[in-house]
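Inspection log for the structure reproduced underneath, given as structure tokens.
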Amino acid sequence: MHSLLYNYKFFLLLASLITCSTIAGSTRHGLSPPTTTRLTGLFPRLTFDKSFSDFFGGQNIKRAGNGSVVTIALDKHTGSGFMSRDPYYYGFFSASIKLPSTYSAGVVVAFYMSNYGSYPKSHDEIDFELLGHEKRKDWALQTNVYGNGSVSTGREEKFYLWFDPTQDFHEYSILWNSHHIVFLVDNIPVREINHSVAMSKAYPSKPMSLYATIWDGSDWATRGGKKPINYNFAPFVASFKDFEMEGCLWNQTKSSSPSCSNNNVNDRQGLDPIYGQDFIKLSQQQKVAMDWVRSKFMFYSYCNDAKRFSAIPPECKERNS
Ligand SMILES: *[C@@H]1O[C@H](CO)[C@@H](O)[C@H](O)[C@H]1NC(C)=O
Ligand SMILES: *[C@@H]1O[C@H](CO)[C@@H](O)[C@H](O)[C@H]1NC(C)=O
Ligand SMILES: *[C@@H]1O[C@H](CO)[C@@H](O)[C@H](O)[C@H]1NC(C)=O
Ligand SMILES: *[C@@H]1O[C@H](CO)[C@@H](O)[C@H](O)[C@H]1NC(C)=O
């Protein structure tokens, strides 16, 4: 991992030497991502109060712009977070996020789906975790997934970002359906998890709610815990806007047969409302974009961690096959 890191830094140095004189600001690393289909903007933008409620640390949650922008803060008393009012069974979930621009080692901003509250022993989870860094701009993006309580197997993959996530808002999206899970950043797929036979036991397959939180990850988030939070830089504030959640709104009162309480969805495709070619598989263009991210910016994959697993999880072998 160290040599990878070193190569990456060297690569960035080269790239920025070559391009920084001509490109400013948002393409800090001097690398423009490939063009891909926009999946964001296809669904209605939701207002905060209608679609979300406080999860914890309510005093650190602030609405701005008539509820179109929400900030959550971590200070030495508490972190904070909000969650969707309803659980969803499959769908497309997205927000634009701007990260704290101060020294942020040890800070974790998470944008994720979970049903831990309803299924503490067999929960599912799909995670974006943004991990702060002592160099302000060098946040790392961690993705992870748990299915049916598979917490003994962490399926983390970690990436550097090709932009400064503290400077502007960027879109972080989760597509989750019966075919696959796709993590997207600014519409670029960074990771795909197929609902394959090998993955079927650990594939999230129960309704989940969407969460956004900021909290103290001092003991692990930055350099494995070597860089804890420095509260002299608090409060750490993350901003969220452009919420989209489209999917099967789970009717919690109806326990027997699965159904969506948004009837238009039932009329369409039952439990898999986000359907059509754009959602059931990646296009060639999206695959090219995903390869671009993974080859240049991914610095950890559980699939390559032979030290950690005596047997690499079976879905890793299916890749590229
Ligand atoms: C907030 O909403 C009110 C009423 O709908 C509108 O007049 C006002 O311009 C809005 N403000 C912003 C910042 O969007
Ligand atoms: C999920 O786990 C439970 C036991 O906790 C098991 O009974 C069930 O069959 C599992 N479901 C799947 C899809 O593997
Ligand atoms: C949920 O299902 C129950 C029982 O069928 C029904 O009475 C209720 O209206 C449904 N709720 C929503 C929000 O659709
Ligand atoms: C997912 O499945 C599709 C279709 O079989 C395949 O092209 C793609 O490479 C698979 N993705 C991963 C990450 O295994």
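Whatever order the structure lists them in is the order used to number ligands and atoms, beginning at 1.
Between Arg85 and Asp54 there is no salt bridge, since no side-chain nitrogen of the basic residue lies less than 4.0 Å from a carboxylate oxygen of the acidic one. The pair Asp168-Lys98 does not count as a salt bridge, with every side-chain nitrogen at least 4.0 angstrom from each carboxylate oxygen. We find that Arg155 and Glu125 are not joined by a salt bridge, their nearest charged nitrogen and carboxylate oxygen being 4.0 Å or further apart. Lys287 and Glu192 are not joined by a salt bridge, as no carboxylate oxygen comes within less than 4.0 angstrom of a charged side-chain nitrogen.
For atom 14 (O) of ligand 2, the nearest non-hydrogen atom of the protein is Asn148 ND2, 3.5 Å.
Using 4.0 Å as the threshold, Lys281 has no heavy atom nearer than that to any atom of ligand 4.
Remark: ligand 4 atoms within the under-4.0 Å shell around heavy atoms of Lys287 are 7 (O).
Selection from Ile280, Asn194, Ile193 by nearest heavy atom to atom 1 (C) of ligand 4 gives Asn194.
When distances from atom 7 (O) of ligand 2 to the protein are checked, no heavy atom turns up under 4.0 Å. By the definition of a contact as any protein heavy atom under 4.0 Å away, atom 4 (C) of ligand 2 is not in contact.
Here the two rings, on Tyr160 and Phe297, have centers that are 6.0 Å apart or farther.
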